[in-house]
Amino acid sequence: MLGPNVIGGSAAVLQALDGTGLTPAQILGAVNLIDAYVRGAVRRPVEAAEAERVSGVSTEEWWGARAGFWDTYFDQARFPLITRLWNVGAYDELGDDFEFGLQRVLDGIAAMIG
């Protein structure tokens with residue numbers, strides 16, 4: 001909803017980029033990029049929570065019920081990279097995807113500023 005707090009928040013973010021050397025269009029683009037990233041990143045856990053609420057099955061329970069799929073049906077020859085990542089434990093060592101992605105977005109904006 002558009003209101004004073006939304007406008008105030010937008011003004012603060014825009015102000016943070018003022019004086020950086022970015023053009024007005026780049027400032028708006030950077031703010032929209034950050035907003036889109038945050039909204040997209042938040043959508044996944046919100047959707048997972050909604051699916052659990054509707055189905056009564058947690059994400060862990062859902063994946064646990066499919067554990068045998070990987071051993072029985074997954075075509076390792078067709079998907080060698082996924083297989084390699086799985087075998088070295090990459091899926092078990094997931095970090096903070098939000099922080100990782102946000103930092104890459106901010107790095108890109110910082111590179112534009114110079």
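Keep in mind that what you see is a predicted model, and the values were worked out from it rather than measured. Side chains included, hydrogens not; waters and symmetry mates left out as well; all remaining heavy atoms used.
Ile7 and Ile34 end up in different hydrophobic clusters when Ile, Leu, Val, Met, Phe, Trp and Tyr side chains are linked at under 4.5 Å. Under a hydrophobic-cluster definition in which Ile, Leu, Val, Met, Phe, Trp and Tyr are linked whenever side-chain heavy atoms come within less than 4.5 Å, directly or via other members, Phe100 and Tyr91 are assigned to different clusters.
Applying the salt bridge (Lys or Arg N to Asp or Glu O under 4.0 Å) test to residues at least two apart or on different chains, the pairs with a partner in residues 22-37 are Asp35-Arg39.
Partners of Trp62 under the ring-ring contact (aromatic ring centres under 6.0 Å, His included) rule, at least two apart in sequence or in another chain, do not exist in this structure. By the salt bridge (Lys or Arg N to Asp or Glu O under 4.0 Å) test, Glu50 is found to be paired with Arg53, residues two or more places apart in sequence or in another chain being considered.
Contact detail for Ala41 and Pro45: the closest heavy-atom pair is O-CD, 3.2 Å.
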In a table with atom names and distances, give each donor-acceptor pair under 3.5 Å that connects a side chain of residues 74-81 to protein atoms at least two apart or in another chain.
residue, atom, partner, partner atom, Å
Asp75, OD1, Ala77, N, 3.2
Asp75, OD1, Arg78, N, 3.1

Show me the donor-acceptor pairs within less than 3.5 Å that the side chains of residues 9-21 make with the rest of the protein, sequence neighbours left out.
residue, atom, partner, partner atom, Å
Ser10, OG, Val6, O, 3.2
Thr20, OG1, Leu17, O, 2.7
Thr20, OG1, Leu22, N, 3.4

Check residues 105-114 and write down every donor-acceptor pair under 3.5 Å in which the side-chain atom is one partner and the other belongs to a residue at least two apart or another chain.
residue, atom, partner, partner atom, Å
Asp107, OD1, Gln103, NE2, 2.9
Asp107, OD2, Arg104, NE, 3.4
Asp107, OD2, Arg104, NH2, 3.2

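Checked by atom type and distance alone, the side chain of Tyr37 pairs as donor or acceptor with a backbone atom of Phe98 at under 3.5 Å. Judged by distance alone, the side chain of Glu61 and the main-chain N or O of Ser58 form a donor-acceptor pair under 3.5 Å.
Within the 4.5 Å cutoff, the side chain of Arg43 has no heavy atoms near those of the Val46 side chain.
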